[in-house]
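These notes concern the structure reproduced below.
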2 protein chains.
Amino acid sequence: MEKVKVLLVEDDPNLGSLLKEYLEAKGFSTVLATNGKQGYDVFSKDKFNICILDVMMPIKDGFTLAKEIRAIDANVPVVFLTAKSMKEDTIEGFNAGADDYITKPFSMEELLVRIKAILRRTDNKPSLQSEQSEFKIGNYKFDYKHQTLEIKGTQQKLTTKEADLLKLLCLNANDILDRNFALKSIWHDDNYFSGRSMDVYIAKLRKYLKEDSSVELINVHGKGFKLLTGK
Amino acid sequence: MEKVKVLLVEDDPNLGSLLKEYLEAKGFSTVLATNGKQGYDVFSKDKFNICILDVMMPIKDGFTLAKEIRAIDANVPVVFLTAKSMKEDTIEGFNAGADDYITKPFSMEELLVRIKAILRRTDNKPSLQSEQSEFKIGNYKFDYKHQTLEIKGTQQKLTTKEADLLKLLCLNANDILDRNFALKSIWHDDNYFSGRSMDVYIAKLRKYLKEDSSVELINVHGKGFKLLTGK
DNA sequence: AAGGTGACTTAACATAATTTAACACATGTG
DNA sequence: CACATGTGTTAAATTATGTTAAGTCACCTT
């Protein structure tokens, strides 16, 4: 079971580190940013399951940050923290796409249960994938939906991960598939072990694909992989 | 787009009818029950998209009602309304599976935006409560209401669980049916044994469905199952 | 109350999917 | 070219699923 990743953006360093410690103790992997700009930078480079944003922050406020975050990932849940308790702000927060809006002071336990309530509704994500399901790779025919790879009448059944990875490669055929991008897409994580796991799958795909010598699955050192399709 | 159906259970008749009117003005179809027992009766006879329950009610309190409702539909969102603001109650509410917990007094507008926030996350999930009863699966004809599966004139009688599971698969045809979602929907539980039980039913369905080779019931490792219906 | 039946669950064992470990080799850097 | 780091590959370990059969329970029959 992979850890849930939380992006916490809070300009009060005391509260921020307190919450971070608490959430980590509860089993969440938490990244703390202390202002909106930093929060955006962190989010744009990594993948998170939920964002907890302080509303009032210098440089960039929580609402603005939320919009930018949603521009990157329209589905990530966002929770606002705020000292304001005026109705208009609550409404504005929800209109900015909030999943919850918590007024300070709050108990950490309440924050926790509210986070859990939101995650209950989002963890089984519909994973909206691109529609395309059939690909040609040299003389191979790859059917993502049916998870099959066919050549000269021989059909190879693929596992879910094999199919996911091959699909990403096809969508970037003859172009580089970024390593971390692939890891985040398929493994939802880019740690060392996920990376090694992906390498194992690359090796498996190479085996499947060696019937057509014009097809190559090459590595671009430090960057990712490239599927070279025949001619 | 059908109207969203709201079950509102509130023993204060003034507040109850006020909220009902407000929600209906906002485009929701709302049924008001004035006590827990009545709320249960209404829910068991109809399908709702969300339940808003007062916690403190005579006869049957909101938490108890929520548990009974969840036994019928483990996925329906529940929001608690309460005058209590003690932390323990909030926590208890969320542990009872609450999606939100709103403390009186609250503005109706805030209730509205909180409802919308929850519905954003639950909208498009086909559920067992769906009215649809007849499905085509490749060359098969599946009648949920009569619990029959027919092909080439041969009719197979299905048990309740077989039919429930097949219906969920049909509602998600060619798309993934999340394992835990299915378990909660049909078994009202997602422990190890329920999971194994479901696997047994998957095996049974596969047997029934092997008359049409274009129909496949495949596993998506760690996620769920996918019913591939021949184009 | 004994026996039977059907639906569902649990057990048991088999196989598959994925991750982790282990070791070999490659690449780029100073 | 010595080193750190990244990748290739195979195999073992772990976890998830496939499948069949045995067990349980509610209900029906006599």
Side-chain angles (χ1 to χ4, degrees), chain A residues 1-3 124 144 146-149 155-169 176-210 216-228, chain B residues 71 128 144 146-149 156-169 176-183 185-210 216-228:
Chain A
M1 208 60 79
E2 291 153 19
K3 274 194 184 182
N124 48 345
Y144 172 71
H146 291 87
Q147 303 187 178
T148 56
L149 182 62
Q155 197 183 62
Q156 169 68 51
K157 208 103 181 84
L158 300 180
T159 73
T160 307
K161 284 256 188 317
E162 288 167 357
D164 284 346
L165 182 53
L166 187 51
K167 181 184 181 184
L168 275 191
L169 286 163
I176 189 169
L177 168 62
D178 183 81
R179 197 180 165 84
N180 283 333
F181 176 80
L183 284 172
K184 284 183 211 159
S185 301
I186 300 177
W187 277 265
H188 310 296
D189 193 357
D190 62 351
N191 66 35
Y192 172 78
F193 292 110
S194 299
R196 292 324 327 263
S197 196
M198 180 164 85
D199 290 331
V200 170
Y201 278 92
I202 290 288
K204 294 172 81 179
L205 289 180
R206 285 197 178 114
K207 277 189 184 168
Y208 295 151
L209 292 171
K210 67 186 173 198
E216 275 187 285
L217 179 40
I218 66 171
N219 171 254
V220 182
H221 194 91
K223 299 279 170 53
F225 296 94
K226 206 190 276 195
L227 178 64
L228 299 175
Chain B
L128 261 188
Y144 173 72
H146 296 97
Q147 303 190 180
T148 56
L149 182 62
Q156 169 69 49
K157 195 98 180 96
L158 300 180
T159 72
T160 307
K161 284 254 184 328
E162 287 167 357
D164 282 348
L165 183 52
L166 188 52
K167 181 180 183 183
L168 275 191
L169 286 163
I176 188 171
L177 168 62
D178 183 82
R179 200 180 163 85
N180 284 333
F181 178 81
L183 284 172
S185 299
I186 301 177
W187 277 265
H188 311 298
D189 191 0
D190 61 353
N191 67 34
Y192 172 79
F193 293 109
S194 299
R196 293 324 324 263
S197 195
M198 179 164 84
D199 290 332
V200 170
Y201 278 92
I202 290 288
K204 293 171 81 178
L205 290 181
R206 286 197 177 115
K207 275 190 185 170
Y208 296 151
L209 292 171
K210 68 185 172 198
E216 275 185 284
L217 180 39
I218 67 172
N219 170 254
V220 181
H221 195 95
K223 301 272 173 57
F225 295 94
K226 212 193 277 195
L227 179 64
L228 298 176

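If you're wondering where the values come from, they're calculated on a predicted model, not measured in any experiment. Residue numbering restarts at 1 for every chain, and letters A, B, ... go by the order of the sequence lines.
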Here the distance between atom C1' of D/dA11 and atom CZ of A/R196, to the nearest Å, is 14 Å
Map A/H221 and B/K157 onto DNA chain C by nearest heavy atom, then report which one ends up closer to the 5' terminus. B/K157
Between A/R206 and D/dG8, does any side-chain N or O lie under 4.0 Å from OP1 or OP2? yes
For a quick check of understanding: with a heavy-atom distance under 4.0 Å over all strands, which category does B/F225 fall into, base, sugar-phosphate or nothing? sugar-phosphate
By nearest nucleotide on DNA chain D, pick out whichever of B/I218 and A/G222 is the more 5' one. A/G222
Establish, for the pair A/K167 and A/Y144, whether the NZ or CZ atom is under 6.0 angstrom from the six-membered ring centre and no further than 45 degrees off its axis. yes
What's B/D199 touching, base or sugar-phosphate or nothing? Going by heavy atoms closer than 4.0 Å. base
Do NZ/NE/NH1/NH2 and the carboxylate oxygens of A/R196 and A/D199 come within less than 4.0 Å? yes
Listed nucleotide nearest any side-chain atom of B/V200, set D/dA11, C/dT9, D/dT17: C/dT9
Report which part of the nucleic acid A/K207 touches: base, sugar-phosphate, or nothing (heavy-atom distance under 4.0 Å, all strands). sugar-phosphate
In whole Å, what is the span from the NZ atom of B/K210 to the P atom of D/dG18? 15 Å
When all nucleic acid strands are considered with a 4.0 Å heavy-atom cut-off, which category describes B/S194: base, sugar-phosphate, or nothing? nothing
Using whole Å, report how far OH of B/Y208 lies from P of D/dG18. 17 Å
Taking atom OH of A/Y201 as the centre, report whether more than 12 heavy atoms of other residues, nucleotides or ligands fall under 6.0 Å from it. yes
Measure CG/B/L183 against C1'/C/dT9 and give the value in whole Å, please. 14 Å
C/dT19 phosphate, OP1 or OP2: any side-chain N/O from A/W187 under 4.0 angstrom? yes
Tell me: NZ of A/K204 to C1' of C/dT19, nearest whole Å? 11 Å
Measure the spacing between NZ of A/K207 and CG of A/L217 and express it to the nearest 0.5 Å. 13.5 Å
Within 6.0 Å of NZ in B/K157, more than 12 heavy atoms from elsewhere: yes
Among D/dT9, C/dT18, D/dT10, which nucleotide has an atom closest to any side-chain atom of A/Y201? C/dT18
Select one nucleotide: of D/dT7, D/dT17, C/dA11, the one nearest the side-chain heavy atoms of B/F193. C/dA11
Distance, rounded to the nearest Å, where A/D190 contributes CG and C/dT19 contributes P: 14 Å
For the pair made of CZ in B/R179 and P in D/dT15, what is the distance, rounded to whole Å? 15 Å
Over all strands shown, is B/T159 touching base, sugar-phosphate only, or nothing at heavy-atom distances under 4.0 angstrom? sugar-phosphate
When the distance from CG of A/N191 to C1' of C/dT18 is rounded to whole Å, what number comes out? 14 Å
